[in-house]
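Okay, so here's the structure we're looking at.
Convention: sequence-line order gives letters A, B, ...; per-chain numbering from 1.
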Protein chains: 4
Amino acid sequence: MTSSGERVRVAALELFAERGFHGTGIRQLAERAGLSSASLYHYMGTKEDLLVELMRTSLERLLDATAEVLATHDDAVPRLTALVRLHVTSHAERPLETRVVDDEVHALSPQRRADVVALRDRYEAAWREVIDQGLAEGAFRVESAGVARRALLEMCSGVARWFDPAGPTALPALAEQYALLALRLLGADTRTAAAGARRVGDDTPSPV
Amino acid sequence: MTSSGERVRVAALELFAERGFHGTGIRQLAERAGLSSASLYHYMGTKEDLLVELMRTSLERLLDATAEVLATHDDAVPRLTALVRLHVTSHAERPLETRVVDDEVHALSPQRRADVVALRDRYEAAWREVIDQGLAEGAFRVESAGVARRALLEMCSGVARWFDPAGPTALPALAEQYALLALRLLGADTRTAAAGARRVGDDTPSPV
Amino acid sequence: MTSSGERVRVAALELFAERGFHGTGIRQLAERAGLSSASLYHYMGTKEDLLVELMRTSLERLLDATAEVLATHDDAVPRLTALVRLHVTSHAERPLETRVVDDEVHALSPQRRADVVALRDRYEAAWREVIDQGLAEGAFRVESAGVARRALLEMCSGVARWFDPAGPTALPALAEQYALLALRLLGADTRTAAAGARRVGDDTPSPV
Amino acid sequence: MTSSGERVRVAALELFAERGFHGTGIRQLAERAGLSSASLYHYMGTKEDLLVELMRTSLERLLDATAEVLATHDDAVPRLTALVRLHVTSHAERPLETRVVDDEVHALSPQRRADVVALRDRYEAAWREVIDQGLAEGAFRVESAGVARRALLEMCSGVARWFDPAGPTALPALAEQYALLALRLLGADTRTAAAGARRVGDDTPSPV
DNA sequence: GATGAATGAGCATTCATTCAT
DNA sequence: TATGAATGAATGCTCATTCAT
């Protein structure tokens, strides 16, 4: 019931994530999608267009979910908690997408790269905003907001590289653990904070 | 006073880090090294051999430094502190090397990959050991040791992607911040821990 | 009020003349004609069929007009004059057609080429006949009839490559000039010849 | 004793002349040159670079020979005679080169085309100059200098399309005939003119 | 050491064409 | 009529690698 176009995108996601953009040939893509390499071009522009499209789709979904998070919560601690849950969840549920977004930016030509990086920067701006808010509120205490933000993002993104849904930790529990780790890292009072965050956890928008 | 062989390795490091292994051509390598592409083969085996060599050199240096860390410190907190400093410092000082090691494993053929991953696993085993020790000592308190280890490693490795020696935070201060963030993340008592760690800081082996 | 079939032919004429047969893709043809590339095949056989058809149409029109010229005039000088006018006029009025006929014969497969060349040879036979007649009548004086014929034909065909209807010379005047140049080239007495030719000029059949 | 580089150029000349630039594949070129298609690229840049190189070489040789013609003769009639001889001779002796130059300009990208057309325009400027001189001297009499120049050039260039060295007319005789035809076309007094031209004919620089 | 010459295999992409709808 | 989907073959060009000099 999947269309050829979808199959192309799935194939690209799998192969770009596994072998990288430059390590994936158009013929491998075609074979995985069950098409001839010529037919591929009914469903995409260039190979780079395809990569950009995957990246943009992924980033825009994340941005939409992020906007909802910010609209749902007001204080820094629940906001940060929700951001971590969103980030971890989306990276665990869509490891292919997120790995492609995180690892293949270097394969883009300068113009396309600028476009994609702009989207990524918009996303990171939300984290910056929430961390700054927490510092202003006195809820967080770190030496450098920038260092903390980068440390957090890298830590959370890493989930896409190792999370195994069949492994010992289920995804909701993992997201909860990461939220706690993040709050600790930010110097938040985790006795009440985590509890507070947990209370609104059900509202966490799904990144799907 | 640099030999051709060194120039080849530097060129490979720069290009593999910037464009990835598959995104780097033998001709670009040769041009960057100031040689013809044929001459390149006096200083390397195949292109993959070159990548493996770079990775192995980097990982072995890190492993040696790690062994020294473990030999120097006995308790979990100073050990963990020293591991973080080592990891952050080496990733900040050698971002090309570490990015290649972290990002290009997928480009290796199965056998070579297994070799490199074995080295990386040996390195991560040191972290596992120290975290377990801290949990046993009661110095750390986390829900899952595995989750914490992965979160820590990803967080620290990320430094190679963004650290700028000309930026606002100097490397020693950055390493110190990361050590604090790590201890917080592990639920350590950071009032005494950081101080204790700082006291043995001068012993931190340089990964150079 | 133009049919799709006509639009295909016009598109082919324009593109074959501008970029050559091999330089024109079926997709460009389709786009220019306002159709999909699949729809194109409702109005043509193969791409080569289309080329042959354009060539044949053009050559047959020229052959018909040539027959009329020969039927209208009896003596070599007015006949040659009329041939030149016809050739120049048709090349100036239909530069695309004539350029395709003159320049793209090499793109035809052997069999199709033989067919088209046969038509072209029939046309050139008329020139040969008239020049021979003029030599027999004593109206022309050249060293080699073949050299003169080829020189004349190339000279007249070139008009399709440069004539600009908005330029300084209007087409009727241009045809007249070429007629005079041709007669001079053939060693005809241009004092009476041109005048004589001019007198019958109104009868020149239009190649349209 | 021919080098691979020369063989590539010869192959390109033959194939571009026979099938056109767009009708010639890189693999055909390679086969004709006795190389693999990859090896071809040791001896050329792109396929278009190769075409431009052939064109430029040919045009520059013609321009050099033209400069010598103008330096050798002072009056319009001998100058024009020598130009015709040069043009006819070079087109008869090097039909491949001249056909490529004359017929494949349309295959060039805009920038390269402008470069080549500039060279061709420099060549045609010599003809314009000599025809203008002849009109000023009263040696030529035509209605339009531009029409005459174009008619002459097309007529002479056509030689490359049909001259057969094994045919009835030998090249020197052919060049002589064309010179006479050209003078007649220009309305020159051919009784003395041709003789005068013939006297200095031995000085005609060879375009080789 | 160093390299020009060489290549088989592969690259991303386009070709002209067919066919079911 | 018209076209989306499909493709085998070909396009120009680059790949990593070898080898004689």
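If you measure from atom CG of Leu15(D) to atom C1' of dG12(F), you get 15 Å, rounded to the nearest angstrom. Between Phe16(A) atom CZ and dA12(E) atom C1' there is a gap of 12 Å when expressed in whole angstrom units. The distance from atom CG of Leu40(A) to atom P of dA9(F) is 18 Å, rounded to the nearest whole Å.
Using a cut-off of 4.0 Å between Lys/Arg side-chain N and Asp/Glu carboxylate O, Glu104(C) and Arg99(C) are scored as not salt-bridged. Salt bridge status for Arg61(B) with Glu97(B): present, with a side-chain N to carboxylate O gap under 4.0 Å.
Paired with Met55(A) under the rule side chain to side chain contact (heavy atoms under 4.5 Å, CB included), one option of Asp102(A), Leu50(A), Val105(A) passes, and it is Val105(A).
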Expected output check: what is the dot-bracket annotation of DNA chain F, where ( ) and [ ] are pairs inside the strand (brackets for crossing ones), | is paired with another strand, and pairs are Watson-Crick or G-U under 3.5 Å? .||||||||||||||||||||
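Residues Val100(A) and Leu13(A) come closest through the heavy atom pair CG2-O, 4.0 Å. Shown here for Lys47(D) and His22(D), the closest heavy-atom pair between the two residues is NZ-CA, 4.4 Å. When all heavy atoms of Ile26(A) and Ser37(A) are compared, the pair lying nearest together is CG2-CB, 4.0 Å.
Comparing Ser4(B) and Leu35(D) against DNA chain E, the residue whose closest nucleotide sits nearer the 5' end is Ser4(B). Heavy-atom nearest nucleotides on DNA chain F were determined for Ser36(A) and for Ser36(C), and the one closer to the 5' end corresponds to Ser36(C).
Remark: Arg122(A) CZ is loosely packed, at most 12 non-hydrogen atoms of other residues, nucleotides or ligands lying under 6.0 Å away.
Sorted by first and then second residue, the salt bridge (Lys or Arg N to Asp or Glu O under 4.0 Å) pairs involving residues 24-44 of chain C (not counting sequence neighbours) are Glu14(C)-Arg32(C).
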Indicate for each nucleotide in nucleotides 15-21 of chain F, in 5' to 3' sequence, whether protein heavy atoms under 4.0 Å reach the base (B), only the sugar-phosphate (S), or nothing (-). BBBBB--
